[in-house]
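Here the structure is laid out as structure tokens; the discussion comes afterwards.
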There are 2 protein chains.
Amino acid sequence: MATKIEEEPRRGPGRPRSFDRKAALQRALHLFWERGYEGTSFDDLIATMRLSPSSFYNSFGSKEQLYREAVEAYLATSGELFRGVLSEETDTKSAFRNLLEAAAREFSSADHPSGCMISLAGTHVAPSLAGLRATMTGHRRNAQEAMAARLRKGIEEGDVSAATDVDALAAYYSALSRGLAVQARDGATLDRLLQIVSIAMNAWPVSP
Amino acid sequence: MATKIEEEPRRGPGRPRSFDRKAALQRALHLFWERGYEGTSFDDLIATMRLSPSSFYNSFGSKEQLYREAVEAYLATSGELFRGVLSEETDTKSAFRNLLEAAAREFSSADHPSGCMISLAGTHVAPSLAGLRATMTGHRRNAQEAMAARLRKGIEEGDVSAATDVDALAAYYSALSRGLAVQARDGATLDRLLQIVSIAMNAWPVSP
DNA sequence: CTATTTTTGTCGCCATCGCTCCAAAACCTC
DNA sequence: GAGGTTTTGGAGCGATGGCGACAAAAATAG
């Protein structure tokens, strides 16, 4: 995880902040989620966050820093949800089914922009954003590695064959969840996403 | 397909064009493929295409028109390759396996940028690019519909069960190929992509 | 109260972006 | 050649993008 973000209202000298930092961040998060980094302008941001440029700059540093913070906030909510589902006490195959179904629901939820904020972000960008691209690739790798770890746990617990190519299988489910994000973005309904998940689970290796 | 693009050198009055239009378009295509629409600036384009702004504007109209033309050129090569594989004379399951393996090879080829120019394009963009987004969504739908059509042909020919939910299965393989594009973009090797394809084919419905 | 610290509002800035204009150049037809 | 048509080179331009400067405002510390 990243550096600790200030959460409690600061006590001490200085003029107090006049806006809700979390709420402003959340609004920025939704804007980035919907439009991507390059598709979101500074003016869009401060208008949506209801901040002056100086408050923005003072509190969030820069557009890129804000984006990184928004991504961390996304990981702390949606990401945490997925991690929670994957680590529930159940057999490995059910854990993956639950994970993909949770993704299907989350990606098509009406509470926020459709799709995933991470899955497709920073894949095709200007050279000046190479750092951001690498960061997003890293987040995707982390998610895939979490899947691989769950599969290895399955091997230890005996409900996944020891012969399973864990990294390949994790890559498969990782790829599929990226595909779900594209489908959601293109307007697929929850039912359609769940159908895809159902089919995808048929690829699960035969029981040991 | 789009409107017919001029291919033969124009005969008639006027100063002749001093550059190879196809080659310039191809260079632009690769730049867009690598960096996306928003990540590619006008100056980048004319430098890579080796054109003056006036030649650019005179010959390609605008950045957005050029992008659309580049997408059409992409569809005429990579897209045609995929369509060709899918329409080869073989059983339906093999056709899909061949399609995905072709995608794996194409997405990881060293001859051009990794991944796919269509799969992830225009998913998170500024509102001003809503038209472009809709166009790209349309291209993705077309690809998925081509898969559905091949499945329906399989039902007619008897090697796909008539009970198969064709649209759902097409959506599954479509989603998977989008995921392959993300994986390729994030540096996955051809071997890894082929492993994913191999696993994905296990989801194929049991024979009729 | 004064001193200090932090946030805020306003104005403006400099680079980039995506063109656009115009005159000169290079071809064709007659 | 004259006239017409298209392309080219180069200069520049209006809008936007992402900040930054600065002084006033609002808090605490002593």
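Order of the sequence lines fixes the chain letters, A, B, ..., with proteins taken first and strands second; residue numbering starts at 1 for each chain.
- Between the C1' atom of D:dC19 and the CG atom of A:L45 lies a distance of 13 Å, rounded to the nearest Å.
- Looking at every heavy atom in both residues, B:E101 comes nearest to B:V197 through CG-CG1, 3.9 Å.
- Between B:R35 atom CZ and C:dC17 atom P the separation is 11 Å, expressed in whole Å.
- Closest to the side chain of A:P13, from the set C:dT5, D:dA25, D:dG4, is C:dT5.
- When the nearest nucleotides of DNA chain C are assigned to A:N58 and A:P53 by heavy-atom distance, the more 5′-ward of the two goes with A:N58.
- For A:D44 and D:dC19, the CG to C1' distance is 15 Å, given to the nearest whole Å.
- Comparing atom distances between the B:S54 side chain and each of D:dG9, D:dA24, D:dT8 picks out D:dG9 as nearest.
- Closest approach to the A:S55 side chain among D:dA11, D:dT7, C:dT8 is made by C:dT8 (side chain taken as heavy atoms from C-beta onward).
- Separating the CG atom of A:D43 from the C1' atom of C:dC17 is a distance of 15 Å, rounded to the nearest angstrom.
- Distance from the side chain of A:R15 is smallest to D:dA25 among C:dG18, D:dG9, D:dA25.
- Ion pairing of B:E80 with B:R83 is present here, as a side-chain N (NZ or NE/NH1/NH2) and a carboxylate O approach within less than 4.0 Å.
- The aromatic rings of A:F107 and A:F82 sit perpendicular to each other, their planes meeting at more than 60°, with 30° as the lower class boundary.
- For D:dG17, its base never sits under 3.5 Å from the side chain of A:S41 at any donor and acceptor pair.
- The side chain of B:F42 approaches C:dG18 more closely than any other nucleotide in the set C:dG18, C:dC11, C:dT8.
- Considering only side-chain atoms of A:Y57, the nucleotide from C:dT7, D:dA26, D:dC19 that sits closest is D:dC19.
- A donor-acceptor pair under 3.5 Å is absent between the side-chain atoms of B:R185 and the main chain of B:G115, judged by distance alone.
- At the heavy-atom level, B:S18 lies under 4.0 Å from the strands shown only through sugar-phosphate atoms.
- Ring geometry for B:F60 versus B:F56: interplanar angle of 30 to 60°, hence tilted.
- The residue B:F60 sits apart from the nucleic acid: no heavy atom pair falls under 4.0 Å.
- Closest to the B:R17 side chain, of the nucleotides C:dC17, D:dT7, D:dG18, is D:dT7.
- Here D:dT7 presents its P atom at 10 Å from CZ of B:R21, a figure rounded to the nearest Å.
- The listed nucleotides are C:dA25, D:dA26, C:dT20; the one nearest the side chain of A:P16 is D:dA26.
- Counting to the nearest Å, the P atom of C:dC19 and the CG atom of B:L66 are 10 Å from each other.
- Atom-to-atom, NZ of A:K63 to P of D:dC19 comes out at 8 Å; the value is rounded to the nearest Å.
- For the atom pair OG1 of A:T123 and CD of B:E34, the computed distance is 10.0 Å after rounding to the nearest 0.5 Å.
- Of the listed nucleotides (D:dG10, C:dC17, D:dT8), D:dT8 has the atom at the smallest distance from the side chain of B:F19.
- Rounded to whole Å, the distance from CG on A:L51 to P on D:dG18 is 16 Å.
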